[in-house]
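Read through the structure below, which is laid out as structure tokens, and then see the notes.
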Amino acid sequence: MPIPARLTYVLLLLGLPLAGGLGVPLGWELSITITGIYDAFILIFMFWDYHRNRRRRVALTPLDPGKLSVGRQNPIAMTAQTGDAPAYLRLRDGYPVGWTVSPEVITVRLAPQTVQELSYRVRPEKRGEFPWQRLTVWQLTPWGLAWDHWRVGTPRKVAVYPDLLTLRALSIRLTLAGSGTLRRQRQWAGGTEFTELREYRTGDDPRLVDWKATARRGRPLVRVLEPEQEQTVLILLDRGRLMTGRIQGVARFDWGLNAALALALAVLHRGDRVGLVVFDRQVSLWLPAQRGTHYVHHLVERVVPLQPVLQEPDYLGVMQTVIGRQTRRTLVVMLTEVIDTTASGELMGALGRLPPRHLPLCVTLNDPGVAQQAHTFSVDPALAYGRAVALDLLHQRQVVLTQMQRQGVVVVDAPAPQVSTPLVDTYLRLKAQGRL
């Protein structure tokens, strides 16, 4: 059925003054009859216009969105092909209810005989499988009297995974860096394995000059050192009560999961071994340390079904298991959140058991909204009280982080949505310094 367009309503409303103008000279009964005939012709033309357009419908092909990334703006595309006539379209896809979409309705004018790709972005806030309905299309008829309305495609399921978009970007970055396309940073000179000799460049560490080779070749040569491979990194991901809180609409656990996979990808690209442990009151998932970039796909598939739970995590229990299983020196990365010294006492005690045999790295995923509230001054009593609470929370967590550092724990404290980058950079720095 056609949907009347604005022009049709305007033409129908013009029948009211027509009836009023003819009512006095011709009589009201005749004027109403003439107006009815006028409105009937408008509706007939509308249906005629609608049926003419059915042969001119734009051919739309929704493209498979594939695996979507939680908490990220995922591009969704479709192709539109017009015939011999231009087209004015409104499109609304069948994305799940509650997702953030930009724009919700695509409005576009297409020239005749063109093929154009149309796109929008969706931001899912939960992992899992969700129903995706058919694409709804409205096309304005040639005379502009009606909207031709139909649906395209078939209902299907879409999968929302951890942040695969960031993993792809990080993989490209690490590949370029490893192939030498990107300039290697100076901290790589702290490696422990000799790889090659090359000519001295401005900015190189003079301590790396190979004087014997320089004397033989007659030009300054430096030793290129790279970090050792086959080292072990074990990622412990807390999925307890504090990880159920939402930051920018996404659970803190999902932000931590994104960071864990980003770190795993970096570790595998550097030739090291990585393992992943997810725990609450007990160990929910233990994936032993392996090497090879293909392993990251296995990690992704195994962690997708996991969700945070409203239970207090057993830090001591999982740490005892780690110490019992890890016989060689390991970088143990704990992804969690802290509040104050009382609530985080067990966490600090568990991490304090690792040095000097293992190197502990604690990653805390803070809420940027708390920091923003703490630095927002207001004379309103309620807002001022909220600011005081936020300042106290920041102070308490800083006390905890300082005590961890005194115990020999490396600390990364970053906003949950941006924690992946500082975590990967910290791993690369520790590896370059030979601390693993």
Side-chain angles (χ1 to χ4, degrees), residues 60-79 91-104 106 117-136 151-172 235 237-239 243-266 268 274 276-278 280 284-287 290 292-309 335 365 416-417 419-420:
L60 290 155
T61 306
L63 303 180
D64 185 9
K67 298 175 181 178
L68 304 181
S69 296
V70 65
R72 299 298 181 186
Q73 296 288 347
N74 298 265
I76 307 295
M78 64 194 76
T79 58
L91 309 171
R92 184 185 180 95
D93 213 346
Y95 45 81
V97 176
W99 285 15
T100 302
V101 183
S102 178
E104 293 185 1
I106 300 175
E117 183 176 284
L118 309 175
S119 64
Y120 64 98
R121 293 182 178 273
V122 297
R123 184 179 185 270
E125 297 179 350
K126 291 183 179 180
R127 287 177 292 108
E129 281 194 346
F130 298 89
W132 195 288
Q133 304 302 325
R134 295 186 296 171
L135 172 68
T136 303
R151 296 179 184 272
V152 177
T154 57
R156 60 193 186 279
K157 295 281 188 178
V158 294
V160 180
Y161 274 62
D163 189 4
L164 301 180
L165 296 177
T166 297
L167 289 182
R168 294 190 192 105
L170 177 61
S171 179
I172 295 173
I235 304 172
L237 177 57
D238 175 14
R239 71 163 190 159
M243 303 298 282
T244 62
R246 294 195 168 270
I247 300 174
Q248 297 181 5
V250 178
R252 184 182 271 112
F253 174 77
D254 283 318
W255 293 122
L257 182 56
N258 293 342
L261 293 174
L263 176 60
L265 181 62
L268 296 173
V274 66
L276 178 63
V277 179
V278 182
D280 44 82
S284 306
L285 178 67
W286 186 294
L287 299 177
Q290 297 186 24
T293 53
H294 64 279
Y295 191 46
V296 71
H297 300 290
H298 177 68
L299 296 177
V300 171
E301 294 297 333
R302 291 295 303 274
V303 300
V304 164
L306 299 178
Q307 299 292 343
V309 295
L335 285 144
L365 299 87
V419 72
S420 297

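Here R127 contributes atom CZ and L306 contributes atom CG; the two are 7.0 Å apart, rounded to the nearest 0.5 Å. The distance from atom CH2 of W132 to atom CG of D93, rounded to the nearest 0.5 Å, is 5.0 Å. Interatomic distance, L165 CG to L68 CG, rounded to the nearest 0.5 Å: 8.5 Å. Summarising the geometry, atom CG belonging to L257 is positioned 10.0 Å from atom CG belonging to L299; distances are rounded to the nearest 0.5 Å. To the nearest 0.5 Å, the span separating CG on D64 from CD1 on I76 amounts to 9.0 Å. One finds the CG atom of L60 at 14.0 Å from the CZ atom of R151 (value rounded to the nearest 0.5 Å).
Between L167 and D163, every side-chain heavy-atom pair lies at or beyond the 4.5 Å cut-off. Inter-residue side-chain proximity for R302 and L276 is flagged as unmet; no heavy-atom pair is nearer than 4.5 Å. Counting only heavy atoms from C-beta outward, the side chains of S69 and T166 never approach each other to under 4.5 Å. For the pair D254 and P162, the minimum side-chain heavy-atom distance is 4.5 Å or more. Contact check for V250 versus R123: side-chain heavy atoms found under the 4.5 Å cut-off. The side-chain heavy atoms of S119 and M78, taken from C-beta on, include no pair separated by under 4.5 Å.
Between V158 and P65, the shortest heavy-atom contact is CG1-CG, 4.2 Å. Across all non-hydrogen atoms, the minimal contact from L237 to M243 is CD1-CE, 4.4 Å. Of all the heavy atoms in R246 and K126, the pair that sits closest is NH2-CE, 3.3 Å. Across all their heavy atoms, F253 and D238 have their closest contact at CD1-O, 3.5 Å. Nearest heavy atoms, A259 versus S420: CA-OG, 3.3 Å. Counting all heavy atoms, side chain and backbone alike, P131 lies closest to P96 at O-CG, 3.4 Å.
Judged purely by atom type and a 3.5 angstrom limit, W255 uses its side chain to pair as donor or acceptor with the backbone of I247. Of the possible polar contacts, none joining the S102 side chain to the R121 backbone as a donor-acceptor pair under 3.5 Å is found.
Ring geometry, Y120 versus Y95: the interplanar angle falls from 30° to 60°, so the pair is classed tilted.
R239 pairs in a side chain to side chain contact (heavy atoms under 4.5 Å, CB included) with only one of the listed residues (V303, L335, L285, D280), which is D280.
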